[in-house]
Amino acid sequence: MNESIAVPSLMQAVGTYRRMHWTRLSRGRLRYALAILLALPVATAAVALGFDRAPFDYVLELYFRFLVPFLPALGASAIVSEEIESRTFTFIFARPAPRVAMVLGKFVAFTGPLLVGFTISLAATYAVASLRGGGDDFVAGLGPFARALGVSLVGVIVFSAITSLVGSWFTRSPFMGAVGYVLLIEWIFSFVPFFKLLTVTWHLRNLAAFNAGKVLLGSDWQVPLWGSALALVAFGGLSMLGAAAAVSGAEYRTDR
Amino acid sequence: MSAKNERPTAKDDVRHVENVMVRAQHASRWYGQIVGCNDLTLEIGPGILGLLGPNGAGKSTLMKLMTGQLRPSKGTVEVLGERVWDNRALLRRIGYCPEHEGVYEDLTGLEFVAFMTELSGFSPDEARERATRALADMDLAAAQDRRMGEYSKGMRQRAKLAQAFAHDPQVIFLDEPLTGCDPLARVRVIEIIKRLGKDGRCVIVSSHVLHEIEAMTSEIVLIHKGQVLADGNVYEIREMIDRHPHQIRVACDEPRALATALVADQAVLGIGFDAMDARTVLVETRQPDACYPLIPAAARKAGVKIASLTSPDNNLAAVFRYLTEEKQAQAGVQNR
């Protein structure tokens with residue numbers, strides 16, 4: 001028995017979980033599903049070139065309405081639930097590594113590559129959409145593109161955090177739980193005055209200056225950009241705390 | 001295992017051992033209305049201890065309490081002198097192999113054991129080295145780079161065992177470790193468990209099969225309905241099986257004729273008929289070795305044809321029933 005070995009620190013354990021989860025993801029089918037879904041807007045932009053619309057704005061709607069909320073749910077919602085479902089958490093919870101590290105490590109392993117995927121997808125979409133003006137719009141539109149890209153990436157992070165938390169509540173069908181959240185909260189609330197402030201999507205649109213809509217009908221009251229940024233930090237941070245809390249003091253359980 | 005009391009008894013007293021490594025004191029664990037462990041008190045020292053009990057007896061619950069995966073509803077559970085629940089540092093010195101088959105199917109055996117070892121505090125390189133050694137110990141060196149999804153049940157079991165001791169723990173909990181192992185793998189696993197026990201570690205092995213435990217250790221604790229029913233030497237349990245009335249079921253065409261032929265024999269303690277099956281005679285004996293050859297001989301003499309001859313309690317279930325009854329009788333005497 002080697003007494004000199006210390007228990008792993010949070011960062012060490014996060015690193016181990018990140019590598020472990022990445023190894024598993026790199027062998028799974030999820031990466032193909034994500035690649036196909038992220039290629040869809042590029043194809044849509046190419047098709048939209050033939051219509052009398054602004055292709056990039058048109059395709060951006062696809063990102064904000066579908067891809068940014070749903071794609072993170074595909075992987076992040078299972079972060080906690082898959083361990084319970086397969087009972088593998090009995091191995092890791094019997095280890096001295098901080099349990100919170102499991103959530104953080106898997107979050108980083110999934111979200112990191114997804115951010116890269118979104119960046120490539122958005123850049124490709126923008127490049128294809130810019131072909132409409134013979135390439136003249138490319139430079140002129142770089143500013144709004146960069147802003148939309150940055151906001152989308154923030155959205156991916158926040159939605160990953162939220163769906164991690166939702167997945168820890170609905171461990172039997174975490175993805176359906178996450179879809180339910182997007183449909184009920186993000187979509188329905190986005191039509192309800194004032195309640196739309198509780199949605200991630202509205203704040204993302206506000207930050208991107210993209211079809212945010214009024215907070216209150218008949219009023220020009222606006223939420224400052226820093227307000228939306230703060231809201232997103234709060235949504236994401238609280239969700240990660242919630243997901244971490246779901247495992248940190250958890251006892252053995254099975255959903256079977 | 002240093003047990004004071006040498007023979008197994010229905011227990012009300014606490015077994016005390018020297019150099020206690022695992023201690024449960026009045027530990028109870030409820031799942032709503034269901035009792036997993038019930039006021040269980042137990043001390044365990046170095047060496048191998050078998051936790052024996054039928055399915056649902058509370059063995060796995062006890063193991064989960066001892067590995068910090070469950071919090072006791074009442075009482076305390078200590079390992080190496082420290083409370084287990086919410087004690088990360090202590091988990092560094094504990095190894096655990098759960099009973100279920102769930103593993104990370106998309107990891108190779110080597111990756112699985114190495115990552116688990118890393119989570120116990122080792123650097124990636126050292127964890128890999130230890131994992132390689134542990135898997136080789138389990139005869140899985142040739143399969144270490146295959147994904148665990150492709151492993152047989154026995155191979156998964158061995159990989160799970162490898163992760164339980166690769167980080168060199170002082171106390172090891174193995175929940176049904178021989179499940180799914182073929183005969184060769186069983187021999188290997190038993191060898192490894194014995195070696196770990198000889199190294200001065202505390203190895204706690206659960207099973208519901210007596211001969212599995214017998215192959216590893218002579219020290220056992222019988223668990224039933226979440227309580228310690230008896231503890232002591234396995235040979236005494238064997239004697240108990242032979243000593244208490246043993247039932248033999250004989251299905252035949254003339255049950256009454258067979259009963260008449262058997263009833264006078266000294267080896268037969270009692271004769272009855274199965275209420276559910278009129279063609280079955282129930283023979284009770286304290287001398288099963290003498291009784292088994294007697295039945296076909298008596299049947300031949302009486303012209304009875306035997307369809308089948310089985311013993312429903314030639315196993316631990318009978319001992320558990322016997323000890324439970326003894327304990328209830330003791331409780332009855334105390335209440336009076």
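By convention in this document, chain letters (A, B, ...) are assigned in the order of the sequence lines, proteins followed by strands, and residues within each chain are numbered from 1.
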Given 3.5 Å as the limit, does a donor-acceptor pair link the side chain of B/Gln69 with the main chain of A/Phe93, or not?
no
Quick one: which residues of residues 231-239 of chain A reach chain B at under 4.5 angstrom, heavy atoms only?
none
Looking only at side-chain N and O atoms, does B/Tyr104 offer a donor or acceptor that is under 3.5 Å from a partner on A/Glu83?
yes
Okay, B/Phe112 and chain A: the region with an atom under 4.5 Å from a heavy atom over there is side chain
Region of B/Thr61 that comes under 4.5 Å of a non-hydrogen atom in chain A
neither
Taking side chain as everything from C-beta outward and backbone as N, CA, C, O, which of these in B/Glu111 sits under 4.5 Å from a heavy atom of chain A? Side chain, backbone, both or neither.
side chain
Neighbour count >12 (heavy atoms, 6.0 Å) for atom CG, A/Leu184:
yes
Other residues, nucleotides and ligands only: do more than 12 of their heavy atoms fall within 6.0 Å of CZ on B/Arg195?
yes
At what distance, to the nearest 0.5 angstrom, does CG of B/Asp106 lie from CZ of A/Arg29?
11.0 Å
Just checking B/His100 against A/Phe91, ring centres under 6.0 Å apart?
yes
To the nearest 0.5 Å, how far apart are CZ in A/Arg27 and OG1 in B/Thr108?
6.0 Å
Does any part of the side chain of B/Met63, heavy atoms only, come nearer than 4.5 Å to the side chain of A/Thr90, both counted from C-beta?
no
Name the option with the most non-hydrogen atom pairs under 4.5 Å to chain A; the candidates are B/Arg147, B/Glu101, B/Glu105, B/Lys160.
B/Arg147
Which residues in residues 107-124 of chain A have any heavy atom closer than 4.5 Å to a heavy atom of chain B?
none
If you look at every heavy atom in A/Pro96 and B/Leu91, which pair is closest and at what distance?
N-CB, 3.8 Å
Measure the spacing between CZ of A/Arg19 and CZ of B/Phe115 and express it to the nearest 0.5 Å.
5.0 Å
Looking only at heavy atoms, which two atoms of A/Thr88 and B/Val103 are closest? And how far apart?
CG2-C, 3.7 Å
Less than 4.5 Å apart, side chain to side chain, heavy atoms only: is that true for A/Arg95 and B/Met116?
yes
